[in-house]
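First up is the structure itself, then whatever we jot down about it.
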Amino acid sequence: MALQFHNSLSRQTEEFTPLRPGQAGLYTCGPTVYNVAHIGNFRAYVFEDLLRRTLKYCGYQVTQVMNLTDVDDKTIRASRHAGKSLAEFTQQFKDAFFADLQSLRIEPAEHYPAATEHIAEMIELVGRLLARGVAYQAEDDSVYFSIERYPKYGCLVNLDPAQSRSSGRVRHDEYAKESVADFALWKAHTAEDGEVWWDSPWGRGRPGWHLECSAMSMKYLGPTFDIHTGGVDNMFPHHEDEIAQSEAATGQQFVRYWLHCAHLIVEGRKMSKSEGNFFTLRDLLGQGFSGREIRYVLLACHYRQALNFTRQSCLDARSALQRIDDFIARLRQTDSAENRDGNPSVEPEETLCQRAKKDFKEALEDDLNIAEALAALFNLVRDGNRRLDQRRMNGREASDILSLLHDFDSVLAVLEADKGEEVPAAIEQLAQQRQQARRDKDFARADALRAELAEQGWSVEDTPDGPRLKPSG
RNA sequence: GGCGCGGUAGCCAAGUGGCAAGGCAGAGGUCUGCAAAACCUUUAACACCGGUUCGAAUCCGGUCCGCGCCUCCA
């Protein structure tokens, strides 16, 4: 089966054929660095990570670009409020963002261009749009893109202005524009911008928000590239405007496949600060959830489906991961055992592994059908456990399954425990003392040691393979 | 009002014309100094009403319910 994606542009699932064979150019809308990103933001970044890893899994060489929006209304307003320079203010949130990406095991992109470092490219793009006659400088000195002079406007979201109703978000201070629908390419400097401005042929000012994505994506990926992603809320106006200004400037198709992920809601309601259901990744880590548990929750829901993020879903993820962890531990035990060549299974494990791998890959190729991919993984876990129970697996077979799980994990990145989940040496020692007491049939001492472990926040479980320690609570 | 998405077991969630995946929770069993865990097995579902078809969760029409967007929110 060939790799296929649901293209927002055509609203159909299409086979993915890259511009250059074997290579995939990917532009993923990144954060506006005016605060710490919330869990809804990370839903999008985890989706993009799954996309990136799937492309690589399917043999593509990926060039991913993720922008950092470090100049816009919000960053300027917030930095002035904080009494810091724009650069100093945004830096802390850039740092926080990259730390969070690491917690969620999101693979780094090839490029993280910041808007403030690409002002020249944006100015150049505005110049081309003016030269082409689709932009104009208004009385307020700002430069706007004219929707009227670009007939193709609206190809992504299919909006009929006559039928539209204002959502109340339209700003009423933009009288300078020829038409309400026109959007800013270059915003003339105002008092509220403070120290933030750059010189341009149209005077001091700063770039409009949409412009950075066009300028930077084309710089790193070329005038036409394969895939552009973002949240559904970015389809309009952001992506619509990107298409307009990019294609008007180059006369070429901008993006070939648009992929948009649905929103995340929390406990069934839209996440918002006023509802009190607003979470950052740090909040969740502080509640005792690990990065990979959160990653699993964000990953396990198909990207075009609204994700209902709940405390229960985090606990479910923990249990599901525990099931895989336990299976891996059993396989390692078998792999390291002496029966490397003994006890062959009745049927060759090739069948088991081959089927799992085929199901897993085909699921991902089908527009990132993660639910099917995880089903393939869990079927392997169940079938493998059954064989282990029946003593129908030798070390070589266990080793093959471990390799396959490792292969799956190049896409999922949830199978290895986080560092914080490791057991401290002192706790390990107590558990071993208890194990010795059990061997000596000194159960009173064993129970006392168990109580002591509990006091230190660890529970101990006696499995056929020896004691297992888990943080309690 | 316009554009779009969705309603599958207690919960989450695949499947889009032919015996309804998977995860969590529940139940039974195995194992076990005790406890717990783990593993195996297993219960249970297609919003409603019509239509097309040999056959519909899947296609078509309608109804009800929920959600998103409609100018700078992933």
Side-chain angles (χ1 to χ4, degrees), chain A residues 8 11 28-32 37-48 69 72-74 147 154 157-171 174 180-184 187 208-210 229-238 240-241 260-265 268-272 296-297 300-302 304-308 310 312-313 315-324 326-327 329-330 359 363 366 369-379 381-382 385-386 388-390 438 441-444 446-447 450 459-465 467-468 470 472:
Chain A
S8 303
R11 291 182 196 151
T28 51
C29 273
T32 301
H38 58 69
I39 193 66
N41 298 126
F42 285 113
R43 196 262 165 109
Y45 306 137
V46 167
F47 145 63
E48 286 152 1
T69 300
D72 78 325
D73 291 353
K74 286 176 301 205
I147 305 303
V157 289
N158 191 20
L159 281 179
D160 178 359
Q163 301 286 355
S164 282
R165 174 186 289 175
S166 170
S167 67
R169 287 166 62 194
V170 187
R171 302 213 3 211
E174 295 177 323
V180 201
D182 292 350
F183 58 92
K187 302 177 99 163
W209 174 46
H210 315 299
T229 68
V232 279
D233 51 335
N234 273 160
M235 286 178 79
F236 190 84
H238 186 51
E240 191 69 64
D241 290 352
H260 290 97
C261 74
H263 271 176
L264 171 148
I265 57 178
R269 318 177 66 153
K270 187 169 179 174
M271 177 164 63
S272 75
Y296 186 92
V297 175
C301 178
H302 189 262
R304 285 190 288 119
Q305 182 91 25
L307 190 165
N308 187 11
T310 63
Q312 188 58 49
S313 65
L315 295 170
D316 288 357
R318 175 172 291 173
S319 300
L321 288 170
Q322 186 67 60
R323 178 169 163 78
I324 303 170
D326 287 330
F327 179 56
R330 285 187 88 183
D359 289 349
D366 180 16
N369 190 334
I370 190 68
E372 290 275 20
L374 289 172
L377 168 63
F378 282 106
N379 283 332
V381 171
R382 192 194 52 244
N385 270 320
R386 199 184 290 139
L388 286 161
D389 283 355
Q390 296 166 351
R438 291 182 69 226
K441 306 276 184 207
D442 184 356
F443 298 119
D447 289 348
R450 178 159 61 194
S459 68
V460 60
E461 293 158 2
D462 299 315
T463 75
D465 303 328
R468 183 169 67 186
K470 289 165 77 170
S472 48

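Every chain is numbered from 1, with letters handed out A, B, ... down the list of sequences.
Atom P of B:G66 sits at a distance of 39 Å from the matching atom of B:G28, rounded to the whole Å. A distance of about 49 Å separates the C1' atoms of B:G50 and B:C39, rounded to the whole Å. B:C73 and B:C69 are spaced 11 Å apart, taking the C1' atom of each and rounding to whole Å. When the C1' atom is compared between B:A20 and B:C46, the two are found 8 Å apart, to the nearest whole Å. Comparing B:G15 with B:G7, their P atoms are spaced 10 Å from each other, to the whole Å. Rounded to the nearest Å, the gap between the C1' atom of B:G33 and that of B:C24 is 32 Å. Here, B:C65 and B:U8 have their C1' atoms 16 Å apart, quoted to the whole Å. Rounded to whole Å, the separation between the P atoms of B:A44 and B:A13 comes to 22 Å.
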I'd like a table of atom pairs between the protein and nucleotides 23-25 of chain B - only N or O on both sides, under 3.5 Å - with the distance next to each one.
| from | atom 1 | to | atom 2 | distance (Å) |
| --- | --- | --- | --- | --- |
| B:C24 | O2' | A:D316 | OD1 | 2.4 |

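Residue A:N41 is classed as a base contact, given a heavy-atom separation below 4.0 Å to a base. Counting non-hydrogen atoms under 4.0 angstrom, A:H302 reaches the backbone sugars and phosphates but no base. Among the protein residues, A:N369 comes within range of the sugar-phosphate backbone only, with heavy atoms under 4.0 Å from sugar or phosphate atoms but none that close to a base. Nucleic acid contact for A:G230: sugar-phosphate only, since backbone atoms but no base atoms lie under 4.0 Å from a heavy atom of the residue. A:H263 comes within 4.0 angstrom of a base, heavy atoms only. Among the atoms of the strands shown, none is found under 4.0 Å from any heavy atom of A:L388.
With a 3.5 Å ceiling on both atom-pair distances, the Watson-Crick or G-U wobble partner of B:A27 is B:U41. Across all strands shown, B:G50 pairs with B:C60; the Watson-Crick or G-U wobble distances both stay below 3.5 Å. Across the strands present, B:C69 finds its partner in B:G2; the criterion is a Watson-Crick or G-U wobble pair with both atom distances under 3.5 angstrom. The pairing partner recorded for B:G33 is none, the criterion being a Watson-Crick or G-U wobble arrangement whose two distances lie under 3.5 angstrom. Here B:U16 sits opposite no nucleotide as a Watson-Crick or G-U wobble pair (both hydrogen-bonding atom distances under 3.5 Å).
Listed pair A:K270 / B:G66 fails the phosphate criterion, with no side-chain N or O lying under 4.0 Å from OP1 or OP2. Using a 4.0 Å cut-off, no side-chain N or O of A:R450 falls inside it from OP1 or OP2 of B:A35. Look at A:Q305 and you'll find a side-chain N or O under 4.0 angstrom from OP1 or OP2 of B:A14. Here A:R11 does not reach the OP1 or OP2 of B:C3: none of its side-chain N or O atoms lies under 4.0 Å away. For A:K74, a side-chain nitrogen or oxygen approaches OP1 or OP2 of B:C73 to under 4.0 Å.
Using cut-offs of 30° and 60° for the angle between ring planes, the A:H238 and A:H210 rings count as tilted.
Checked against side chain to side chain contact (heavy atoms under 4.5 Å, CB included), A:S313 has the following partners two or more places apart in sequence or in another chain: A:V297, A:T310. Listed by chain and number, the residues in a salt bridge (Lys or Arg N to Asp or Glu O under 4.0 Å) with A:R304 are A:D367 (sequence neighbours excluded).
Residues A:W209 and A:R438 each lie close to RNA chain B; by heavy-atom proximity, the contact nearer the 5' end of the strand is made by A:R438. Mapping A:A300 and A:V381 onto RNA chain B by nearest heavy atom places A:A300 at the nucleotide closer to the 5' end.
Between A:N385 and A:R330 there is a side-chain heavy-atom pair separated by less than 4.5 Å. Using a 4.5 Å cut-off on side-chain heavy atoms (C-beta onward), A:I147 and A:F183 make contact. Between A:F378 and A:I324, some side-chain heavy-atom pair lies under the 4.5 Å cut-off. A 4.5 Å side-chain heavy-atom check between A:L264 and A:I39 finds at least one atom pair inside the cut-off. Inter-residue side-chain proximity for A:E461 and A:P467 is flagged as unmet; no heavy-atom pair is nearer than 4.5 Å.
For a distance-only test at 3.5 Å, the side chain of A:D447 qualifies as a donor-acceptor partner of the base of B:G33. Side chain A:N308 to base B:C12: no donor-acceptor pair is found below 3.5 Å.
When rounded to the nearest whole Å, the span between CE of A:M271 and P of B:G68 equals 13 Å. At whole-Å resolution of the value, CG in A:D233 and C1' in B:G4 are 14 Å apart.
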Residues A:D389, A:R386; criterion salt bridge (Lys or Arg N to Asp or Glu O under 4.0 Å); working and verdict: CA-CA 5 Å; A:D389 283 355; A:R386 199 184 290 139; over 6 Å; no

